[in-house]
Structures are given as C-alpha cells and as structure tokens.
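Reading through the structure tokens given below for one structure.
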Protein chains: 2
Amino acid sequence: MKDRMTPAGMAGHTQRGQCAKRMSILDAAADVFCRQGFAGASIDEIAAVACVSRQTIYNHYREKETLFVAVVEDVMNRANAMLFSVLSSFPEKADNLEDGLTEFAVRLNKNCICNHDGKFLRKLVQTEGERYPHLFESWRQQGPGKLTTALSALLARLAHKGVLVIDDFDVAARQFVALANADLQMMTLFGETPTDEELDKAARNAVRTFLKAYGRPADKAGRPPELAAIAG
Amino acid sequence: MKDRMTPAGMAGHTQRGQCAKRMSILDAAADVFCRQGFAGASIDEIAAVACVSRQTIYNHYREKETLFVAVVEDVMNRANAMLFSVLSSFPEKADNLEDGLTEFAVRLNKNCICNHDGKFLRKLVQTEGERYPHLFESWRQQGPGKLTTALSALLARLAHKGVLVIDDFDVAARQFVALANADLQMMTLFGETPTDEELDKAARNAVRTFLKAYGRPADKAGRPPELAAIAG
DNA sequence: GACGTTTTAGACAATGGCGTCTAGTTTTAC
DNA sequence: GTAAAACTAGACGCCATTGTCTAAAACGTC
C-alpha cells in the first residue's frame, strides 16, 4: 500500500518483528488512523485494509492504543531517518549558494514536510496530541526541534564563512523553514501533494527572499556575494 | 465559557436564534469537538458542558452532524469578522513602517491565528476536512484565501508608494504570514497560547526579516528608507 | 393564575465497536 | 512428514453512543 521497500524493514529500529503481516498492519493502521482519527478508526477496517483477520492484529498488539502508539513510533522512525538524510545534503559549498539552498528546500519539503509521513505526523499530533503528550513531545524534539537545531548550526557555518549575514541563527532557521513552506502550506493542509514544478517554484521563492534578507550584499565592486566572499 | 459577549450575538449572521441556550450549546460543542474530534465527541458530554439536557440539543439540531456544521459556521463567522477588523488596521502610513507592520503582525497572530477560533478551525479542517469538503473549501477561501488576497493588495499599495520593493505581491503576502508565524507555529500546534512578549518578539523578528528582503534600501546618503522615500 | 412553550431527566431500542474465545486452516520449521 | 506456530472466520458479551419517546417540571406571557 505504501512505499515500504524491503520485507526486512529498516535499519535497527524498535522491533521489526515477524515482518510481512506486521508491516502490513502498521501501514493499514497508519492509513486508517490518519483518515479517521483514533476514535473514528475501527479495528475491523484496519484489518480489512491490511488483508488480515482481526485476531491477527490482537496477536501483535494488545489493544487499539498499543497499535496506535506502535504506528506513530514506526512512522517517526522513518521520518527521522529521512530528516537525517536530507539534513546531510545541506549545501556546504559557498559557490552557487542559491541553487544549493533551493534544491535543499525542495528536498526538505518533498521528503520531510509535504510527504506522506510528514503530513501523517502533523495531523496526528494535532488530533491526538493532548491524549498522548509524551509521544508527541518526542515528535516535537526529534522532528521540528532537530530540524531547527541542525539547520541553525548549518546556517552558522555559512555565516562563519562570510556567505551569510545572520544575527540570530535559530530565528533564521525557523524562518527558512517557514519561507520554504509558505506557498505549500495550504495544499499540504488539505492533503494534496505538490507537483515537482510547484515544489521548485516554492523553494525558489523562499530562497530568493531568504537570501535578500540574509545574503551577503554585493561589495563595492558590484561582485555577487559568492565571488566577493572568495575574494575575501 | 468563551468570550461571547452579548446575548444578542454578533451582527447579522446566519440564525442567531433563541439566544441563551443555543449559544451555550454552540460553545460547548465547539469545545468538545475541538478536543475530541467529531467521532470522539459525545452528545452527552456536550450537553453536560453546556449545562443542558440532551433532548434540548436535539430540539435545536436534528442530529450530531447538523450541530457540527452549525458550530463550524458559527466559529467561521466570528473569525471572518475578526479578520476583517484586523486587516482594516494595516498600517497605511509610510513613516515608522517597521513598528506599524510589527503591531499589525502581532494583531494578526493574536486575534486570527493563535487565538482560540483560529486554532479550532485549523484543527477541525485537518481532522474532518475530507468528510466535509464544501465546508472547508469555504474556510480556505474566506480565511487564508482572503488574508492573502487582502494582504497582497495592501503590500502593493506600499510598494506603489515606493516604501517596499516587491516583484510578486502574492508571494510576498504569503511570506509575510509565514514569517509572522515562524516562531509561534510550534506553540500553536500544541494548543499553548503565546504571551504578549512572545507575540511581540515573533512579530519583530518577522518584520525585520521581511523588511530586509522587501524594504527599500537606504539611499546613497545613508538615510533610512522612510526618510529616503519622503525625500523622493 | 392559567396556558403554551421549552426544558429536563431518564428510560428505551438499535447500532456498532472492542476485545475474547473457539475451532478449523494454513504456514513454517525441522 | 510431522509438530508447532501463526492465521482465519465467526460468534460472543460488553459497553458506549445515538436518537426517540414520555411524563413531569420550569418558564414566560397575557
């Protein structure tokens, strides 16, 4: 149903257990919980979507709540791995900064924020956040928290190189993310998935504004910031 | 329970009906629907919160769904009136633009986005959006849609005066809103309400960045943009 | 103070979901 | 090939909820 590739599951997270059925259940449950919310989701529907008998679900998860928690943890693990991967692709090179940041923003939106898992988590956090505070506090830390922290550090390095001029790195990081989402927020809220073209346009708008605000201004000779930085 | 002032209700929206009880029911239902979602909310709980018998609810609203729709429409009416009022306070004067925009951003966050009604609507849109597409399409248009359109026009006027330098007004409008929310998004998502101090700081960060990107640059004499604009 | 309307409290049937149980079947492992 | 484990289908009790109904009480108005 989803995009779960190998039956062996991913790296070494939680319990990957008796693969096939278990994964099928997790995916189906994620789907149904996301559409109907915790209260609205019925075990029978999850079983039907997973092509599994109800008893099998209860064999793996003691009760509805156990399943719910497992689903959220599973999706969070995938999302964290993805976020790590995307953060690793942050452009280090100062030359062609605009293109580098734009592609980074595209990847961030496409794989972490507008993608299935990202929408799932945000939706569930908002829906059931009060009921499971600890689960969602950990989401907050590992998701948006980690993103801001990491991005802040990455921006600081660029600022240190002299490519960017930033007074408050945390604020700049949050603003980068906010700008990157500005044009897509509404689509994402409604469950629509942006096309590659829309992703690119949104990222370009965001980075242009971000660099107008934080980019190193052209020096007196009128050289663009990258060259000016290289020239010292 | 909420902040509904006069028993006569607001201006001339929908049916304000047999005031007292009806409003009490609407407020209670909004509260419970927001916390539990449509499926999780029980009529009995709503009745208890409203200090009303269950039958009274059924006297006013044929069934649960009717009540839900009425609640959403009621909140949307309040929110629209508030948005209109906030938009009317957009700073027209070019002098002290930074302060003017900052105060505007504070009002926008405080009264339209981070407030009770704003959070309620965003949450319900995300939770039950698929079930009631028409209701939430109208939210999209009257809420974020109207905000972007109006803000875009207001920014265009400032640009026309030469105070701002903007190529795409719609994009700039969305970015303004996104920046204004950047620091508060996470709190709002979790139901916390920002303090006045936090509101002010967030708005100040947002406007500073917005003006760095779109503000008219100081002229050769080094005069700040406002004076430069006046001096022609 | 009497009448019509509104509200109340609670009983009520019907529905549907959760979680358990059982008996039979399939799959896996050795 | 056989034994153990996992899975299936369906029945079952239990409980919460919806929406209806009724008889009594409160309310407001004339």
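Residue numbers start from 1 in every chain, and the chains themselves are labelled A, B, ... in the order their sequence lines are given, proteins ahead of strands. Since this is a predicted model, take the numbers as computed values, not measurements. We use all heavy atoms of the structure for the numbers below, so side chains are in, but hydrogens, waters and symmetry mates are not.
- Using modelled atom types, one side-chain atom of A:Arg107 and one backbone atom of A:Ser89 make a donor-acceptor pair closer than 3.5 Å.
- Computed from coordinates, the A:Glu45 CD to C:dC18 P distance equals 10 Å when rounded to whole Å.
- No salt bridge links B:Glu198 with B:Lys201; every basic N to acidic carboxylate O contact stays at or beyond 4.0 Å.
- Of the side-chain N and O atoms in B:Ser53, none sit less than 4.0 angstrom from OP1 or OP2 of C:dA9.
- If you check distances only, the side chain of A:Glu63 never reaches the base of C:dC18 with a donor-acceptor pair under 3.5 Å.
- For B:Val52, counting side-chain heavy atoms from C-beta on, the closest listed nucleotide (D:dG19, C:dG19, C:dT8) is C:dT8.
- We find that OH of B:Tyr58 is positioned 16 Å from P of C:dA9, with the value rounded to whole Å.
- A:Phe68 has its CZ atom 14 Å from the P atom of C:dG19, to the nearest Å.
- For B:His60 and C:dT7, the shortest distance from a side-chain N or O to OP1 or OP2 is below 4.0 Å.
- Atom CD1 in B:Ile57 sits roughly 11 Å away from atom P in D:dG19 (whole-Å rounding).
- Distances shorter than 4.0 Å separate none of the side-chain N or O atoms of B:Thr56 from OP1 or OP2 on C:dT7.
- Along DNA chain D, the nucleotide closest to A:Asn59 and the one closest to A:Arg54 are compared, and the more 5′ of them pairs with A:Asn59.
- One interatomic measurement links the two molecules: CZ of B:Arg62 to P of D:dT18, which rounds to 16 Å at whole-angstrom precision.
- Rounded to whole Å, atom P of C:dT8 lies 8 Å from atom CD1 of B:Ile25.
- A:Ala41 comes within 4.0 angstrom of the backbone, heavy atoms only, and of no base.
- Between A:Lys21 and D:dT8 there is a side-chain polar atom (N or O) within less than 4.0 angstrom of OP1 or OP2.
- Aromatic ring pairs are classed by plane angle as parallel below 30°, tilted from 30° to 60° and perpendicular above 60°; the pair A:Phe38 and A:Tyr132 is perpendicular.
- Among the nucleotides D:dT18, D:dT8, C:dT8, the one closest to any side-chain atom of B:Gln55 is C:dT8.
- No side-chain heavy atom of A:Leu121 sits less than 4.5 Å from a side-chain heavy atom of A:Phe136.
- Between A:Phe104 and A:Phe176, the angle of the ring planes lies from 30° to 60°, which puts this pair in the tilted group.
- Atom OH in A:Tyr61 sits about 18 Å away from atom C1' in C:dC18, given to the nearest Å.
- Atom CG in A:Asp44 sits about 9 Å away from atom C1' in C:dC18, given to the nearest Å.
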